[in-house]
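All remarks here apply to the structure that follows.
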Amino acid sequence: MKIAADHRRIYNIKPGKPSPGPVLYWMSRDQRLADNWALLYARQLAERYKSPLGVVFCLATKFLDASWRQYHFMIEGLKEIESGLKKFNIPFFLLLGSAPEVLPAFIKKHGVAQLITDFSPLKIKQSWDAKLAIKIDIPVSEVDAHNVIPARYISDKKEFAAYTIRPKIHRALGEFLTEFPKIEANKFDWPGKFLKIDWANAAQSLKINMSVQPVSDIQPGEKAARAALDKFLRDGLKKYEADRNDPTRDGQSGLSPYLHFGQISAQRIALEVNKTRGHEKSSSAFLEELIVRRELADNFCLYEPNYDSFDGFHDWARTTLNNHRHDKRTHAYTRSQLERAKTHDDLWNAAQTEMVLTGKMHGFMRMYWAKKILEWTTSPEQALDIAIYLNDKYELDGRDPNGYAGIAWAIGGVHDRA
DNA sequence: ATCGGCTCGCGCAA
DNA sequence: TGCGCGAAGCCGAT
């Protein structure tokens, strides 16, 4: 008996009756084969309609402020998916360009009958979905493969703070924090031959900043993600409660780059943490970060279109920030000075340098880092722009709802007390 | 260092 | 309508 994807994970972007023909999963945010509800659902449809199944990834020539560091991390993960899909009789296609630019022709050429995609609350993915939907005439469904509790299901509005979403999440966990079925090989062959993907050519198509180099001590991909999880379960979890907020210790999980690219499932991490025993305080603190705070960030971006601007802050926060627009700054720095870690503050410079060199900043330092940018620039709008620019350009886990929500918290009091 | 008063909107209980 | 409460609180008095 197969476990079907929960209907509450599925949202019809474009309703319609599927005709016979191939099922296509347009993979975007959830770049993995294991524990992926969008892939499982697509596989389920292919079984029901006795159809071939393919997976496509559309490589946009640029994505927000992503640089070669993040594209490299992502492309290495996608290479693993290309080879991994072979044993499931599912071809992997890489198209160069954004989905609304390149998918309609592909769908037409291959007679695709239904399209499945994964869920992201970010404006860029939502707008790709909408633009694509009006260009094609087949049904399109979105599956929330990223959240343990689907974002559209847990709440239909912008939550005020963690304490308003937390009880909803805890009530729903019993139903959603369940084991995944294993993906099985598809029974129906995709017609035609496939060329091996030319990854070098794909990299050359990018119009991005190539000077931010890949990092060497975080290995990309689904296998590396699982290894990092196993290491955390073995060595890190027991010290998590005590060490996580000390930037001089290695007390955090290090899983956020993998979570950001969907190279590991949060639900998988939660299941494995729940299998451990004896570190209840650490486990519950970690699950609060992994589930409540992460899914609160998705909720913020889904229901607040101004998640990356001043207008997304509460009235009381905008009032306060407006009242202090002309306060004298003891230090005022340009974006370039901040980017090059040229401030008077050794601690801030160290955090900034850590991010530039390693692609991550300790979570506790991120608060200090962002709040000082507000203090040392001439307007909250400028502070927000600079924080987002730096975060998106250097952090492996940038360009993520967590980043936008975290920066909005630091600069605009989002999810904080008034 | 510690303490108490304070913000203001949400959500539950009554 | 009242009341308790909030991610790593804020601030001034002692």
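These figures come from a predicted structure and were not determined experimentally. Residue numbers start from 1 in every chain, and the chains themselves are labelled A, B, ... in the order their sequence lines are given, proteins ahead of strands.
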Taking only residues two or more places apart in sequence, or in another chain, which ones meet His72(A) in a ring-ring contact (aromatic ring centres under 6.0 Å, His included)? Trp68(A)

The first and last nucleotides of DNA chain C lying within contact of chain A, meaning any atom under 4.0 Å from one of its heavy atoms, run from dG6(C) to dC10(C)

Is it true that Tyr25(A) and Tyr41(A) have ring centroids separated by less than 6.0 Å? no

Would you list the pairs meeting side-chain hydrogen bond (donor to acceptor under 3.5 Å, both in side chains) in which at least one residue belongs to residues 273-282 of chain A, sequence neighbours left out? Glu272(A)-Lys275(A)

What pairs meet the salt bridge (charged side-chain N to carboxylate O under 4.0 Å, His left out) rule with one or both residues in residues 371-388 of chain A, with sequence neighbours excluded? Arg325(A)-Glu381(A), Lys372(A)-Glu375(A)

Can Arg318(A) be said to sit on top of Phe313(A)'s aromatic six-ring, NZ or CZ under 6.0 Å from centre and within 45° of the ring axis? no

Against the six-membered ring of Tyr389(A), is Arg335(A) placed for a cation-pi contact (under 6.0 Å from the centre, within 45° of the normal)? yes

Are Trp26(A) and Phe57(A) close enough that their ring centres sit under 6.0 Å apart? no

Writing each nucleotide of DNA chain B 5' to 3' as (, ), [, ], | or . by Watson-Crick or G-U pairing under 3.5 Å yields ||||||.||||||.

Give me the distance, rounded to whole Å, that separates dC3(C) from dA7(C) when you measure between the C1' atoms they each carry. 23 Å

For nucleotides 9-14 of chain B, give me every protein contact, N/O to N/O, under 3.5 Å, one pair per line with atom names.
from: dG9(B); atom 1: N2; to: Tyr163(A); atom 2: OH; distance (Å): 2.9

Any Ile165(A) side-chain heavy atom under 4.5 Å of Ile154(A) side chain: yes

Same-atom distance (P) from dG9(C) to dC10(B), integer angstrom: 23 Å

Is the Trp128(A) ring parallel, tilted or perpendicular to the Phe63(A) ring (thresholds 30°, 60°)? tilted

